[in-house]
Amino acid sequence: MPETSISEEARETFRRWAGTYLRDRGVAVELTAVIGRRWSALAGPDGDFPLAPSERLVLGDGLGLVLYGGEALDAEEREALLRRVGEIVRSR
């Protein structure tokens with residue numbers, strides 16, 4: 001099974017963006033490697049995540065997102081979030 005990874009530069013970019021997103025929107029976004037049923041953290045915001053239900057989103061290419069507090073986002077905000085994550089991941 002191929003290993004899923006992203007560059008250290010992309011991880012750092014994601015970590016900084018996710019920290020800002022958490023601070024501004026109250027939603028924690030964690031980038032993960034998806035291997036079968038296992039979701040392993042690759043990058044996310046520093047600090048504690050909100051005590052909120054989590055939601056898993058498969059991105060493809062062995063990557064996924066786990067959102068904490070994502071129910072607060074409307075469809076337009078989700079689309080913008082996915083677009084930004086895609087930009088970061090493509091830089092891997």
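Given the structure is predicted, the values throughout are model-derived calculations rather than measurements.
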Considering non-hydrogen atoms only, spot the tightest contact between Val27 and Tyr21 and give its length.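 Looking at all heavy atoms of both residues, the closest pair is O-CD2, 3.6 Å.
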
Nearest heavy atoms of Ala28 and Pro50, plus distance in Å: CB-CD, 3.5 Å

Check the surroundings of atom CD in Glu71: do more than 12 heavy atoms from other residues, nucleotides or ligands lie under 6.0 Å from it? yes

Can you confirm whether more than 12 heavy atoms, excluding those of Asp48, are under 6.0 Å from its CG atom? no

Gap separating the [atom1] atom of [X] from the [atom2] atom of [Y], nearest 0.5 angstrom:
X     : Y     : atom1 : atom2 : value
Leu57 : Arg78 : CG    : CZ    : 6.0 Å
Tyr68 : Leu51 : OH    : CG    : 11.0 Å
Glu55 : Leu73 : CD    : CG    : 8.5 Å
Glu30 : Trp39 : CD    : CH2   : 10.5 Å
Leu65 : Leu31 : CG    : CG    : 6.0 Å
Leu22 : Phe49 : CG    : CZ    : 7.5 Å

Check whether the side chains of Ser40 and Arg38 place a donor and an acceptor atom closer than 3.5 Å, and report yes or no. yes

Run the salt-bridge test on Arg16 and Glu12 with the 4.0 Å N-O cut-off and return the result as yes or no.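 Looking at Glu12 together with Arg16, the answer is yes, because their closest N to O distance falls below 4.0 Å.
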
Answer yes or no: is there an ion pair linking Arg84 with Glu79, defined by an N-O contact shorter than 4.0 Å?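 Answer for the salt bridge query: no.
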
For Leu42 and Phe14, what are the C-alpha separation, side-chain angles and deciding distance, and is it a side chain to side chain contact (heavy atoms under 4.5 Å, CB included)? CA-CA 10 Å; Leu42 294 174; Phe14 187 91; over 6 Å; no

Quick check against the 3.5 Å criterion: does Thr13 have a side-chain atom that pairs as donor or acceptor with the backbone of Ile88? no

Would you check if the side chain of Asp61 reaches a backbone N or O of Leu63 as a donor-acceptor pair within less than 3.5 Å? no

